[in-house]
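Shown next, in structure tokens, is the structure this report addresses.
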Protein chains: 2
Amino acid sequence: MRSTETMSPAASRVLDAAEELFYSRGITAVGVDLVAERSGVTKRTLYNRFGSKDGLIAAYLSSRDERWRAEVMTAVESSGSPADAVTAPFTVLASQDRSSARGCAFINALAELPDADHPGRRIAMDEKAWLLDLFARLATDARCAEPPALARRLMLIHEGALATEPLSRGLLTDATELARSLVREAAQRA
Amino acid sequence: MRSTETMSPAASRVLDAAEELFYSRGITAVGVDLVAERSGVTKRTLYNRFGSKDGLIAAYLSSRDERWRAEVMTAVESSGSPADAVTAPFTVLASQDRSSARGCAFINALAELPDADHPGRRIAMDEKAWLLDLFARLATDARCAEPPALARRLMLIHEGALATEPLSRGLLTDATELARSLVREAAQRA
DNA sequence: GCAATCCTTCACCGATCGGTATACATTGGC
DNA sequence: GCCAATGTATACCGATCGGTGAAGGATTGC
């Protein structure tokens, strides 16, 4: 699927509606009729642009992934130091409005798409693999000890923060603090 | 819903089938007709025993919750030391067959049940609250410094391990090691 | 012997599911 | 002036969704 700017106006509106509905209500629970109605578009147009519901799901996840990666990279580049850059993904989380308490769209997608062949599943898994690799690269840049091991630990904490978000008391603050202390420790150890 | 032993044979079979299907395929994606067929029971009986699909969902989560809490408490009681007891929930994870890579049933349920009023959502949130409280109690028993803060960190790591399980490379080993080192550190600090 | 509980069979309900067919209007580029 | 792309409207498809009504066959305990 092409990126948002090169999409036709109708397709763009469909994608906007799909993102909001899929995220807030769940992918399986939302029907294509509802997405079409919300975006003010005929079902025919929806199918002409996205081919199938699975195609729309993949576009939804791709769009979210693309936007999120851009935010993370911006946060990385605007970090004060290489050490701060390592925990940039956590500051991105803190900067977002996550009051919906719907957690991570990709974790949710993995929960709803158990089929290994589903295109959306691949996108969600790639997102997580990308973050793990990013943590490792940033840890290397910050001259931390054992970058891959540190990356896995940061990944655990990051995903833990997202997974506990739907709970009444989110743990993002604790996650950020713990992540920073692990980075500090690994930097000293090197 | 009554516990498994006091249930009628048909109801028990329905619950077994529901547990397997809801967990492996997702709650929303599985219809009541399929659950009835798999359990060799009429849809009528299913509805006589569980009232509605939501009732069956609640029974599914309750049953899983009950079984899991029992396993955790057994692991806690058979721990060699109070310090080991704190990380007992991690050893429970390691002892289970989690090769399905379907992650945590409760995290998945929260992803699929966005409605705050859904009975299943309450059960899933209570499960997480119970674990957080258990971590804090065990940390107190092990004379760790700042039990509530340690509990939140352990919670993050625990949920992170579950959330990353659907990924190709699970992080349970790293999670257990990190949890143990945090407990060690907090025990020394006290 | 009687009643209650459990479970069955089977037919049925309106609504919604993902997806398609046909036909027509608008728009911009060549 | 024309063609292709884009979008509209409407009607339709078989399948499945969660859920119910009505009637009857077992088993159990009093």
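Chain identifiers are assigned alphabetically (A, B, ...) following the order of the sequence lines, protein sequences preceding nucleic acid strands; residue numbering begins at 1 within each chain.
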>> Taking 4.0 Å as the cut-off, does a side-chain nitrogen or oxygen of B:Thr42 come that near to OP1 or OP2 on C:dT8?
In response: yes
> Has the side chain of A:Glu165 got a donor or acceptor atom that lies under 3.5 Å from a matching backbone atom of A:Gly103?
Replying inline: yes
>> Using whole Å, what does the distance between atom P of nucleotide D:dG18 and atom CD1 of B:Ile27 come to?
In response: 12 Å
>> Applying a 4.0 Å non-hydrogen cut-off, can you work out what B:Val30 is touching in the nucleic acid: base, sugar-phosphate, or nothing?
In response: sugar-phosphate
>> I need the CG-P distance between A:Asp33 and D:dA9, as an integer number of Å.
In response: 15 Å
> Which comes earlier along DNA chain C counting from the 5' end, the contact point of B:Arg13 or that of A:Thr28, where each point is its nearest nucleotide?
Replying inline: B:Arg13
>> If you only use heavy atoms from C-beta on, which nucleotide in C:dG18, C:dT8, D:dT6 is closest to the side chain of B:Thr45?
In response: C:dT8
>> The side chain of A:Lys53 is closest to which nucleotide in this list: C:dC7, C:dG19, D:dT8?
In response: C:dG19
> Which of parallel (below 30°), tilted (30 to 60°) and perpendicular (above 60°) describes B:His158 and B:Phe135?
Replying inline: perpendicular
> Within the structure, does a side-chain N or O atom of B:Arg44 lie under 4.0 Å from either OP1 or OP2 of D:dA23?
Replying inline: no
> Where the side chain of B:Tyr47 is defined as all heavy atoms beyond and including C-beta, which of C:dT8, D:dG19, C:dC6 is the nearest nucleotide?
Replying inline: D:dG19
> Nearest-Å distance, CG (B:Leu46) to P (D:dG19)?
Replying inline: 10 Å
> Do B:Phe90 and B:Trp130 share a hydrophobic cluster, counting only Ile, Leu, Val, Met, Phe, Trp and Tyr and linking them when any side-chain heavy atoms are less than 4.5 Å apart?
Replying inline: yes
> Under 3.5 Å, is there a donor-acceptor pair between the B:Thr28 and A:Glu112 side chains?
Replying inline: no
> Any idea which of C:dC7, D:dG19, C:dG18 is nearest the B:Pro9 side chain?
Replying inline: C:dC7
> Checking B:Arg64 against B:Tyr23: charged group under 6.0 Å from the ring centre and within 45 degrees of the axis?
Replying inline: yes
> Just how far, in rounded Å, is C1' of D:dT20 from CZ of B:Phe50?
Replying inline: 18 Å
>> Under a plain distance cut-off of 3.5 Å, with no hydrogens placed, do A:Asp54 and A:Ser52 share a side-chain donor-acceptor pair?
In response: no
Distances for protein N or O near nucleotides 24-29 of chain C N or O, under 3.5 Å:
none

> Can a side chain N or O of A:Ser8 be found less than 4.0 Å away from OP1 or OP2 on D:dA5?
Replying inline: no
> When hydrophobic residues are tied together by side-chain contacts of less than 4.5 Å, even through go-betweens, does A:Tyr60 share a cluster with A:Met125?
Replying inline: no
>> Tell me the interatomic distance from A:Glu37, atom CD, to D:dA9, atom P, rounded to whole angstroms.
In response: 13 Å
> Which whole-number value in Å describes the distance from B:Lys43 NZ to C:dA11 P?
Replying inline: 13 Å
> What's the CG-P distance between B:Leu34 and D:dG19, to the nearest Å?
Replying inline: 15 Å
> Whole-Å distance between C:dG19 P and A:Arg49 CZ?
Replying inline: 17 Å
